[in-house]
Number of protein chains: 2
Amino acid sequence: MKPTVHDIAKIAGVSLATVDRVLNGRPGVRSVTRGKVEDAIISLGYVRDLAAANLAKSRTYSFVFILPANDNSFMIGLTEEVRGAVARSSSERTDIRIVDVPPFDPGALVASLEAVLAEKPAGVAFVAIDAPEVRAAARRLSEAGIPTVTLVSDLPESSRDHYAGIDNIAAGRTAGSLMGRFLSGPLMDERGATVAVLAGSMLVRDHRERLEGFSTVIAHAYPNVHILPVLEGRDDPALSETMVAEALRRNADIAGIYSLGAGNRGLIRALQTAHGPRRPLVIAHELTASTRAALSNGVIDAVLNQDAGHEVRSAIRVLKAKADGLPVLAAQERIRIDIFLKDNLP
Amino acid sequence: MKPTVHDIAKIAGVSLATVDRVLNGRPGVRSVTRGKVEDAIISLGYVRDLAAANLAKSRTYSFVFILPANDNSFMIGLTEEVRGAVARSSSERTDIRIVDVPPFDPGALVASLEAVLAEKPAGVAFVAIDAPEVRAAARRLSEAGIPTVTLVSDLPESSRDHYAGIDNIAAGRTAGSLMGRFLSGPLMDERGATVAVLAGSMLVRDHRERLEGFSTVIAHAYPNVHILPVLEGRDDPALSETMVAEALRRNADIAGIYSLGAGNRGLIRALQTAHGPRRPLVIAHELTASTRAALSNGVIDAVLNQDAGHEVRSAIRVLKAKADGLPVLAAQERIRIDIFLKDNLP
DNA sequence: CAAATTTTGATTTACGTACCTCAGAATTTC
DNA sequence: GAAATTCTGAGGTACGTAAATCAAAATTTG
């Protein structure tokens, strides 16, 4: 039988009330008595029954998810996943609220974080923007004892408790390695090969990190692959399309394209209308309806993906664990970089 | 406020006892009364509080994991993951027991399943062997109302409730696609390229399926890649090593090796001692200490992996859900094929 | 040493559900 | 219409913990 508070009281020779005071850190216990109770807890190997405790407290975990009101497929999918979690939340004693913020706007994010801080939720998840004022707001949350998790985009060297997202440098390295290997041979002559990079904005940390990883691997392992200046398409379909089309026109010898942002719809349109000597090798990020279709019909060769559903569920698990002061299973919470070819599409 | 049984009683105009009889399918309720209660349940949107119910029943889920006593790294890791789950199980109202069976022995597996059936656990997970008698034993379990999950290796067209493992045909296709792309160019001349396949045994379903996927992609997309007859190394390090060494000696032009079983330690040793004109391109399965090292230092080029921890946790979640009659979140329970290059090693 | 303060015990109620008993009401059977 | 049977209500206890009250004991303070 699992030991209960009653067993502790019996072994320690104190009353239930005292055990309760020790367990819940309430005042009014001499240190000698506290010691006796703690010894009993250890010797019995007591672990609090969380289900019973939550029932007694009639506790619900109230979490807030702050999400950018972005219109790209990935962010829409992410929001959808959080909605799904909201739908399931009642049966899991969680009460999840979604707060929308304008995208790429540190000030708005800070304002949201402040507003959220005021209502003292049991935990906050947000898509970070890498700015000092955001870091300061995160610090105020953690100083108020509110567990915080960054989602998709991290805020390193801050007081966040956890990051639910992929390692973007590793993602860029992986893209670089695939690009190098796929290009070696058929698409590369003795003069080397030229590769274009399409990003959203170099102001966003994820994009910077992916480019960094990509460039590093290319420079070290595939020195005869040349990377053109980055095209910043602001994750906008129309802008991305014209930029890519323009680049293809100007550089007939583009052998590969790495799309590290969310401008894939435009990229795909540009590729479908272009008619160069040969189709460039394309590696993109995020499996959406359009990238999936492009992968199937050979317009895109590989897609690196982060599973938004996993990220959301992981964020919730971590927030819950932190709220309960429980340890986090690191292996379970590591968000993986999925590599999809047309052959392993789910 | 979430509705409770008390609210149902009030709305339906019956007593708590009657509500309880309806909710738990106990006899002694006229169909008219039952209807009133059911209407109230629906109109209130009542959902039973599982935590409270389990507390009242002082219920623990008793699950049994039947695992082959195999000595390869993957199975050892899998067992380790189940052990970890056992360690955590007390705090999750689960009581998991591990049963060892001799590997590759359908009779022994059936005997274990029978023995387990006798003790009526709340759920069973087992690594299936594709044999009619195993299928029959699984049927008896499900007829007894015991949820069953196959782990790592499936038993298709059986009465199992769920399969916690990867799609091995897709894994083989992915390996084929990577092999074809990586080979095209530097390692392939106009005469094409030769590829060797190292398997454990063609009697095991996973291995057959991986080979099937691999061969299909190669035949369709890379017709000038030739696959040598499969080497069956029985997942034994020594045997695998001699078979690979022998093959390399006989076929100096082997450009690629696909290791789809668990004979990687032997394979790596053979590769390290061989000194052909150029290193073959190697794709293997399962990220273990040895494949990880080989990936880092370039002996292996890509590793396809299934995360044993995820499989075990998924199996437990599914068994729990089935035991409670709850739906399963398919997206969460899909086990993915991880592709590791040296650049995205975790 | 008395008064004030702190510490502890005993007891109770509550959370939402399960399960049991027993009495009384309603219905069916003869 | 009486007897047998089936249904229903009222009430209780339990699961393991939280949280509160109030009295009694121990300790510290003046």
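Model, not experiment: these values are computed from the prediction. Convention: sequence-line order gives letters A, B, ...; per-chain numbering from 1.
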For atom CG of A:Leu55 and atom P of D:dA18, their distance in whole Å
11 Å
Rounded distance (Å) that lies between atom C1' of D:dA14 and atom NE2 of A:His6
11 Å
Identify, residue by residue, the members of residues 37-53 of chain B with a heavy atom below 4.0 Å from DNA chain D, and return them in order of residue number, or none.
none
With respect to the side chain of B:Arg21, which nucleotide from D:dG9, D:dA18, D:dG16 is positioned closest?
D:dG9
Indicate whether any N or O donor in one side chain lies under 3.5 Å from an N or O acceptor in the other, for A:Asp39 and A:Ser43.
no
Selection: residues 10-20 of chain A, any non-hydrogen atom under 4.0 Å of DNA chain D
A:Asp20
I need the CG-C1' distance between B:Asp324 and C:dA18, as an integer number of Å.
15 Å
Hey, does B:Leu67 have a side-chain heavy atom less than 4.5 Å from the side chain of B:Val127?
yes
Nucleotide C:dC15, atom P - distance to CG of B:Asp7 in whole Å
11 Å
A:Val37 and A:Val19: which non-hydrogen atoms are nearest, and at how many Å?
CG1-CA, 4.3 Å
So does A:Glu157 pair up with A:Arg135, basic N to acidic O under 4.0 Å?
no
To the nearest angstrom, the NZ-C1' distance between A:Lys57 and C:dT13 comes to 17 Å
What I want to find out is whether B:Asp49 reaches A:Arg93 closely enough, with some N-O distance under 4.0 Å, to be called a salt bridge.
yes
For a quick check of understanding: with a heavy-atom distance under 4.0 Å over all strands, which category does B:Asn24 fall into, base, sugar-phosphate or nothing?
sugar-phosphate
Test side chain to side chain contact (heavy atoms under 4.5 Å, CB included) on B:Arg336 and A:Asp307; report intermediate values, then the result.
CA-CA 11 Å; B:Arg336 293 174 295 177; A:Asp307 189 314; 3.6 Å; yes
Please pick, from D:dA19, D:dC15, C:dG9, the nucleotide with the shortest atom-to-atom distance to any side-chain atom of A:Arg26.
D:dA19
Kindly say whether A:Leu55 contributes a backbone atom to a donor-acceptor pair with the side chain of A:Ser58 at under 3.5 angstrom?
no
Between A:Arg48 and A:Asp324, is the closest basic N to carboxylate O distance under 4.0 Å?
no
When the distance from CZ of B:Arg30 to C1' of D:dG9 is rounded to whole Å, what number comes out?
13 Å
So, B:Glu80 and B:Arg83, do they make that salt bridge, N to O below 4.0 Å?
yes
Give the rounded distance in Å between these two atoms: CZ of B:Arg59 and C1' of C:dA18.
13 Å
Separation of B:Arg34 atom CZ from D:dT6 atom C1', in whole Å?
13 Å
